[in-house]
Enquirer: 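Structure in structure tokens, see below.
Chain naming here is simple, since letters A, B, ... match the order of the sequence lines and numbering starts at 1 in each. Side chains are part of it too, since the values below use all heavy atoms of this structure and drop only hydrogens, waters and symmetry mates.
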Protein chains: 2
Amino acid sequence: MEIGSRRTRQRQAILEVVRRTTCHPSAQWVYEQVRQEIPHVSLGTVYRNLELMSRNGIILQVPAISGQARYDGDVSGHGHISCRACDRIDDLFIEAGYEALRSAAEDAGFRELTVLVELSGRCPDCAKNGS
Amino acid sequence: MEIGSRRTRQRQAILEVVRRTTCHPSAQWVYEQVRQEIPHVSLGTVYRNLELMSRNGIILQVPAISGQARYDGDVSGHGHISCRACDRIDDLFIEAGYEALRSAAEDAGFRELTVLVELSGRCPDCAKNGS
DNA sequence: TTATGTGCAAAATATTTGCTTTCCG
DNA sequence: CGGAAAGCAAATATTTTGCACATAA
């Protein structure tokens with residue numbers, strides 16, 4: 001799939017950073033990673049490319065509670081679970097739940113469905129110590 | 001459940017605004033609504049109270065892709081289904097789906113979970129005529 | 001009375017945008 | 001060469017915070 005009309009070093013590096021991690025990075029985090037390889041890269045370039053890639057379906061912009069946009073290099077349908085205490089975001093694979101939702105909506109006459117599932121709570125670590 | 005140690009007019013108005021709507025309002029939107037009743041209310045007060053209420057479980061802070069924090073006055077698990085063609089938004093009550101998701105996450109060690117489900121597709125009307 | 005909460009404004013964050021320069025095709 | 005993309009900085013959100021004053025309990 002095409003990102004834009006040109007292949008630049010910056011664009012390539014940004015995509016690789018997003019794909020290489022399993023966390024759901026913010027633009028700032030991606031910027032810091034890319035800067036290790038291309039020190040003079042600008043934050044604006046990172047923002048512009050993340051926005052472009054998510055509009056083109058190369059990556060996902062995922063819902064988050066942190067007040068920052070978060071991205072995901074895995075574009076296969078899945079959900080997320082986030083921790084209110086430490087901001088960690090994990091992928092969630094519960095096909096049974098997705099299917100129950102999807103088929104109920106199809107029974108109601110809806111078509112071409114995309115399912116977005118966002119759980120939030122306290123992750124195992126934060127549930128233990130009452131931080 | 002208690003919000004804070006005092007019941008003020010502002011706090012009450014903010015909570016009512018969030019509970020009265022079915023959309024997931026941003027702080028700015030809540031501020032504009034509250035200002036119709038209390039013109040001199042400050043944005044800082046709205047932010048402080050929304051933050052307090054969501055930490056206390058009175059309302060939910062829901063994950064969003066907009067880069068703004070979004071809230072929800074309905075703390076029972078629920079979802080929405082929206083139509084990409086006509087922008088209609090319906091409530092979605094599929095307890096079986098929510099429970100499958102919730103119990104899977106609890107098995108993984110997460111606690112105090114809230115479940116947010118957003119489906120989008122083409123509603124029955126728009127699926128019929130290819131608008 | 002007094003500690004909590006509010007208003008106001010400034011500071012801190014996060015994101016977007018305008019404009020010039022760079023460089024891919 | 002020509003236009004798309006990068007760099008840089010200024011402009012815009014968005015959210016948080018400090019402090020003086022107000023007020024519920």
Enquirer: Could you state the CD-P distance from A/Glu32 to C/dT13, rounded to the nearest angstrom?
Expert: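 Distance check: A/Glu32 CD to C/dT13 P gives 13 Å.
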Enquirer: Quick one: label A/Arg48 by what it contacts on the DNA or RNA (base, sugar-phosphate, nothing), any heavy atom closer than 4.0 Å.
Expert: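 If one applies the 4.0 Å heavy-atom cut-off, A/Arg48 turns out to touch a base.
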Enquirer: What is the distance from NE2 of A/His40 to P of D/dC8, rounded to the nearest Å?
Expert: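 Interatomic distance, NE2 of A/His40 to P of D/dC8: 8 Å.
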Enquirer: Would you mind reading off the distance between A/Asn49 atom CG and D/dA4 atom C1', rounded to a whole angstrom?
Expert: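 So the two atoms are 11 Å apart, to the nearest Å.
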Enquirer: Can you check whether any acceptor in the base of C/dG5 is under 3.5 Å from a donor in the side chain of B/Arg11, or vice versa?
Expert: no
Enquirer: Taking only side-chain nitrogens and oxygens of B/Thr8, does any of them come within less than 4.0 Å of OP1 or OP2 of D/dA24?
Expert: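 For B/Thr8, the contact criterion (side-chain N or O under 4.0 Å from OP1 or OP2 of D/dA24) is not met.
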Enquirer: Would you name the heavy atoms of A/Ala27 and A/Leu43 that are closest together and state the gap between them?
Expert: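 So the two residues come closest at O-CD1, 4.4 Å.
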Enquirer: Within the pair B/Ser42 and C/dT6, is there a side-chain N or O less than 4.0 Å away from OP1 or OP2?
Expert: no
Enquirer: Got more than 12 heavy atoms from elsewhere within 6.0 Å of CZ, B/Arg111?
Expert: yes
Enquirer: Find the distance A/Leu43:CG to D/dA10:P and express it as a whole number of Å.
Expert: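 Answer to the nearest Å: 15 Å.
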Enquirer: Show the nearest heavy-atom pair for residues B/Arg11 and B/Leu52, with the distance to one decimal.
Expert: NH2-CD2, 3.6 Å
Enquirer: Rounding to an integer number of Å, can you tell me how far A/Glu37 CD sits from D/dA6 P?
Expert: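 After rounding, the gap between these two atoms is 14 Å.
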Enquirer: Give the minimum heavy-atom separation between B/Val41 and B/Gln10, together with the two atoms involved.
Expert: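 Taking every non-hydrogen atom into account, CG2-CG, 3.9 Å.
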Enquirer: Expressed in angstrom and rounded to an integer, what is the separation of A/Asn56 atom CG from D/dA4 atom C1'?
Expert: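 Between C1' of D/dA4 and CG of A/Asn56: 14 Å.
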Enquirer: Any N or O donor-acceptor pair under 3.5 Å from the base of D/dA24 to the side chain of B/Arg7?
Expert: no
Enquirer: Just the rounded figure in Å: distance from P of D/dA13 to OH of A/Tyr47.
Expert: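 These atoms are roughly 15 Å apart.
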Enquirer: Using heavy atoms to find the nearest nucleotide of DNA chain D for B/Gln68 and B/Arg9 separately, return the residue whose nucleotide is more 5′.
Expert: B/Gln68
Enquirer: If only side-chain N and O atoms count, and only distance matters, is there a donor-acceptor pair under 3.5 Å linking A/Glu32 with A/Gln28?
Expert: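 The criterion, which ignores hydrogens and geometry beyond distance, is satisfied for A/Glu32 and A/Gln28.
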Enquirer: With nearest nucleotides of DNA chain D determined for B/Glu51 and A/Gly44 from heavy-atom distances, which residue corresponds to the more 5′ nucleotide?
Expert: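 Looking at the nearest nucleotide for each, A/Gly44 comes out on the 5' side.
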Enquirer: Expressed in angstrom and rounded to an integer, what is the separation of A/Tyr31 atom OH from D/dC8 atom C1'?
Expert: 10 Å
Enquirer: When you check the phosphate oxygens OP1 and OP2 of D/dG7, does a side-chain N or O of A/Gln10 lie under 4.0 Å from one of them?
Expert: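 Yes, A/Gln10 has a side-chain N/O under 4.0 Å of OP1/OP2 on D/dG7.
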